[in-house]
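Since we're looking at a predicted model, the values are computed, not measured. Both backbone and side-chain heavy atoms feed into the values below; hydrogens, waters and symmetry mates do not.
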Amino acid sequence: MDKNQSKYLAASLGMLIIVSVALFYLTREEERSEIDPAYFTVTDTEQIDQVQLISPKDTVELIFDGSRWKVNERWEADVQMIKVLMATLRQAEPHRPVAANLADSIKKQLQRQGTRVMLSEGGLPRMSFFAGGNSAKSESWFLKEGDDLPYAMIIPGYRVYV
């Protein structure tokens, strides 16, 4: 084999590698899990009339009596804080499932140390989930009651601890 043939062979092999790599990246299907952004969303928060926040340390019950929100049937709730809570319930969405190798431990952590959020409408349960996370990293996780897979949560456009 002479010099020209070996140069031609090396150039052809190089071109073949470049084309192969390009085709691999351009034609592969991206692995994306289909996550319903509304999985934890409560779109019609106007109908919610009871919210229970149950943590290992305390229980807070918010009840709408037809004209105002009351906290634990004793105090009048801050209307602005109720608006923030309802806006969070409308806007929070799952960003991604937690990593498979962490899912079981995060599920257990949420069930033991997280806050159970129970929403009711007219005395009927509407949604129940566990909320928690890592505030130092601004990571929030939700786990719908009865499910095995927790989700990392976001409010699109904000970097907040949901």
Side-chain angles (χ1 to χ4, degrees), residues 22 24-162:
F24 172 76
Y25 282 106
L26 294 175
T27 61
R28 71 181 178 148
E29 290 185 30
E30 287 188 30
E31 186 179 315
R32 292 186 186 191
S33 61
E34 292 295 323
I35 301 173
D36 179 7
Y39 189 62
F40 291 95
T41 304
V42 179
T43 52
D44 190 9
T45 56
E46 297 295 319
Q47 302 303 313
I48 300 296
D49 57 12
Q50 183 177 7
V51 178
Q52 289 181 307
L53 305 169
I54 304 165
S55 73
K57 296 179 183 176
D58 200 5
T59 295
V60 175
E61 187 173 46
L62 304 168
I63 298 176
F64 186 68
D65 66 8
S67 61
R68 64 180 174 220
W69 284 90
K70 302 269 299 198
V71 179
N72 293 340
E73 297 182 7
R74 295 178 60 189
W75 302 285
E76 194 168 317
D78 182 334
V79 176
Q80 293 306 314
M81 294 308 293
I82 296 294
K83 287 181 181 180
V84 168
L85 173 63
M86 295 304 174
T88 301
L89 290 171
R90 279 191 308 273
Q91 296 174 22
E93 62 183 54
H95 178 59
R96 59 177 168 71
V98 298
N101 61 334
L102 298 175
D104 192 48
S105 61
I106 289 176
K107 175 186 174 186
K108 288 176 184 173
Q109 178 184 343
L110 287 171
Q111 291 173 330
R112 276 187 251 148
Q113 300 169 345
T115 299
R116 184 176 180 198
V117 180
M118 298 173 62
L119 308 171
S120 300
E121 178 182 332
L124 300 173
R126 180 135 171 227
M127 183 185 295
S128 181
F129 62 92
F130 294 92
N134 183 340
S135 59
K137 292 184 176 183
S138 295
E139 284 184 326
S140 303
W141 308 308
F142 284 10
L143 171 69
K144 205 174 251 192
E145 195 161 1
D147 283 359
D148 289 323
L149 185 61
Y151 290 88
M153 301 297 292
I154 62 167
I155 294 180
Y158 297 91
R159 182 164 170 79
V160 296
Y161 180 61
V162 181

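- For N72, the side chain to side chain donor-acceptor pair (under 3.5 Å) criterion is met by no residue, not counting sequence neighbours.
- Of the inter-residue distances, the one linking M86 atom CE with W69 atom CH2 reads 4.0 Å to the nearest 0.5 angstrom.
- For the atom pair CD (Q109) and CG (L143), the distance works out to 11.5 Å, reported to the nearest 0.5 Å.
- At a threshold of 4.5 Å between non-hydrogen side-chain atoms, the residues I48 and L89 do not count as touching.
- Among residues two or more places apart in sequence or in another chain, the side-chain contact (heavy atoms from CB on, under 4.5 Å) test is passed with V84 by T88.
- Taking all atoms of both residues into account, the shortest heavy-atom contact from T45 to R90 is OG1-NH1, 2.8 Å.
- Of all heavy-atom pairs spanning P94 and D36, the tightest one is CG-O, 3.6 Å.
- Closest approach of V98 to W141, counting heavy atoms only: CG1-CD1, 3.7 Å.
- Put simply, the side chain of T115 does not reach to within 4.5 Å of the side chain of I54, judged on heavy atoms.
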Contacts under 3.5 angstrom, residues 73-82 side chains, donor-acceptor by atom type, not counting sequence neighbours:
from: D78; atom 1: OD1; to: Q80; atom 2: N; distance (Å): 2.9

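- The distance from atom CE of M153 to atom NE2 of H95, rounded to the nearest 0.5 Å, is 11.5 Å.
- The environment of NZ in K70 is crowded: more than 12 heavy-atom neighbours from other residues, nucleotides or ligands sit within 6.0 Å.
- Atoms CZ and CD1, on R96 and I35 in that order, are 9.0 Å from each other to the nearest 0.5 Å.
- Of the listed residues (Y39, Y151, F130, F40), just one forms a ring pair (Phe, Tyr, Trp, His ring centres under 6.0 Å) with F142, and that residue is F40.
- For the side chain to side chain donor-acceptor pair (under 3.5 Å) test with R116, the passing option among Q52, E145, Q111 is E145; the others fail.
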Show me the donor-acceptor pairs within less than 3.5 Å that the side chains of residues 117-126 make with the rest of the protein, sequence neighbours left out.
from: E121; atom 1: OE1; to: R126; atom 2: NH1; distance (Å): 3.1
from: R126; atom 1: NH1; to: D44; atom 2: O; distance (Å): 3.2

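- Between A103 and P150, the shortest heavy-atom distance links the atoms O-CG, 3.7 Å.
- Sequence neighbours left out, the pairs with a member in residues 98-107 that pass salt bridge (charged side-chain N to carboxylate O under 4.0 Å, His left out) are D104-K108, K107-D148.
- Taking NZ from K57 and CD from Q113, the interatomic distance works out to 9.5 Å, rounded to the nearest 0.5 Å.
- Of all heavy-atom pairs spanning R112 and P56, the tightest one is O-CG, 3.2 Å.
- Looking at residues two or more places apart in sequence or on another chain, you find a side-chain contact (heavy atoms from CB on, under 4.5 Å) between A99 and N101, L102.
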